[in-house]
> 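Pasting a structure here, questions to come.
The structure displayed is predicted, hence computed values, not measured ones.
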Amino acid sequence: MDEVSRCAERMTGYWETIAGWFAVHAPPCQEQLVASRGAEPSAVDALEVTVGETLPDDVRAHFLRHGGTGGVAFFEYSGLSVEGAARRWRGLGNLLAQGVFDGFVPRELAGDERVLSVWWSPGWLPFAQDGGGNLYCVDLDPPRAGARGQVIAWEVHGGPTRPLAPSFEEYLRHYRDELSSGRWVYDAYSGIFDRVGAGTSPQVLSDE
């Protein structure tokens, strides 16, 4: 068994627990999860060509499972298909090339050296978005202090955030654990949100 298959096997277990939570607390999310289809290997290969980077094994495994249709819920965000990920990546890259982000300073990093201190980087591959255009991204080109494959958020009005997890698989494991914590609820307008916090996905990594 290759590493992509091993990642897929581990993440299948995470998704089974997540699906159980969806079935009880968020039936529309469960319907979307059941309806989700994986991307063809050739489509994932094409995504790698588009972004000019080899995907980490766990990210490839994710797109092979859910990247054909997208739509799976990550808290209040919705997973992107490989085509949707490429489209958002190209669109933001075009804005970067046009100078739209010139002079923009990230608001959330506060000196954190694990993420590039720029408004947008071609090394950030979106895998989920919310209704306002904010993204979850896999960081394929971090600075030395970061980890390739770490998950960050990118906000339309704030730019990149500190890392949420050191890898996509770790992010998914954390998602599973968070849903089981009792903090999270669902409604049709907000999606899955934190009943006691600000309603957004929690930070996974410490500031250290």
Side-chain angles (χ1 to χ4, degrees), residues 2-8 11 36-74 77-102 104 106 108-109 112-130 132-156 158-172 175 201 204-205:
D2 63 18
E3 187 56 33
V4 172
S5 298
R6 284 190 285 269
C7 286
M11 292 194 299
S36 176
R37 296 292 179 268
E40 294 294 329
S42 59
V44 182
D45 293 343
L47 179 61
E48 291 183 321
V49 172
T50 296
V51 302
E53 295 279 356
T54 300
L55 299 182
D57 293 328
D58 53 359
V59 178
R60 185 175 184 87
H62 165 68
F63 281 123
L64 289 172
R65 182 184 178 95
H66 294 300
T69 56
V72 296
F74 292 95
Y77 288 57
S78 181
L80 294 166
S81 66
V82 290
E83 291 82 4
R87 184 165 54 251
R88 287 307 312 272
W89 181 86
R90 282 194 298 264
L92 286 161
N94 288 339
L95 294 176
L96 180 67
Q98 292 164 17
V100 172
F101 301 141
D102 289 357
F104 285 26
E108 305 294 333
L109 294 182
D112 193 315
E113 296 181 352
R114 295 171 295 177
V115 179
L116 290 174
S117 186
V118 296
W119 196 262
W120 177 255
S121 166
W124 301 337
L125 175 63
F127 69 86
Q129 68 178 1
D130 71 3
N134 303 307
L135 302 170
Y136 289 153
C137 300
V138 176
D139 188 351
L140 302 176
D141 187 27
R144 181 172 297 181
R148 188 176 189 275
Q150 64 190 6
V151 172
I152 65 171
W154 181 85
E155 298 177 353
V156 171
T161 67
R162 300 176 182 186
L164 301 177
S167 68
F168 179 85
E169 182 177 346
E170 178 63 17
Y171 181 78
L172 187 64
Y175 183 34
S201 174
V204 179
L205 296 183

> Please report the interatomic distance CG(Leu92) to CH2(Trp124), rounded to the nearest 0.5 Å.
10.0 Å

> If you round to the nearest 0.5 Å, how far is CG of Leu164 from CD1 of Ile152?
8.0 Å

> How long is the gap from CG on Leu140 to CG on Leu55, to the nearest 0.5 Å?
6.5 Å

> Taking only residues two or more places apart in sequence or in another chain, which ones pass side-chain hydrogen bond (donor to acceptor under 3.5 Å, both in side chains) with Asp141?
none

> In a table with atom names and distances, give each donor-acceptor pair under 3.5 Å that connects a side chain of residues 58-67 to protein atoms at least two apart or in another chain.
{"unit_1": "Asp58", "atom_1": "OD2", "unit_2": "Phe168", "atom_2": "N", "d": "3.2"}
{"unit_1": "Asp58", "atom_1": "OD2", "unit_2": "Glu169", "atom_2": "N", "d": "2.9"}
{"unit_1": "Arg60", "atom_1": "NH1", "unit_2": "Asp45", "atom_2": "OD1", "d": "3.2"}
{"unit_1": "Arg60", "atom_1": "NH2", "unit_2": "Asp45", "atom_2": "OD1", "d": "2.7"}
{"unit_1": "Arg65", "atom_1": "NH1", "unit_2": "Thr12", "atom_2": "OG1", "d": "3.0"}
{"unit_1": "His66", "atom_1": "ND1", "unit_2": "Ser36", "atom_2": "OG", "d": "2.9"}

> For a quick test of reading the model, state the closest non-hydrogen atom pair linking Val82 to Leu47 and the distance between them.
O-CD1, 4.0 Å

> Tell me, please, which residues at least two apart from Arg87 pass side-chain hydrogen bond (donor to acceptor under 3.5 Å, both in side chains).
none

> Quick check for you: to the nearest 0.5 Å, what is the distance between Leu135 atom CG and Asp130 atom CG?
8.0 Å

> Only counting residues at least two apart or in another chain, list the ones meeting side-chain hydrogen bond (donor to acceptor under 3.5 Å, both in side chains) with Arg148.
Glu53

> Apply side-chain hydrogen bond (donor to acceptor under 3.5 Å, both in side chains) to Thr54 and list each qualifying residue two or more places apart in sequence or on a separate chain.
none

> In Å and rounded to the nearest 0.5 Å, what is the CZ to CG distance from Phe74 to Leu172?
6.5 Å

> For Asp102, which residues count as a side chain to side chain contact (heavy atoms under 4.5 Å, CB included) partner, sequence neighbours excluded?
none

> Which value, rounded to the nearest 0.5 Å, describes the distance between Leu80 atom CG and Gln129 atom CD?
5.0 Å

> Is it true that, when you exclude Glu40 itself, more than 12 heavy atoms of the residues, nucleotides or ligands shown sit nearer than 6.0 Å to its CD?
no

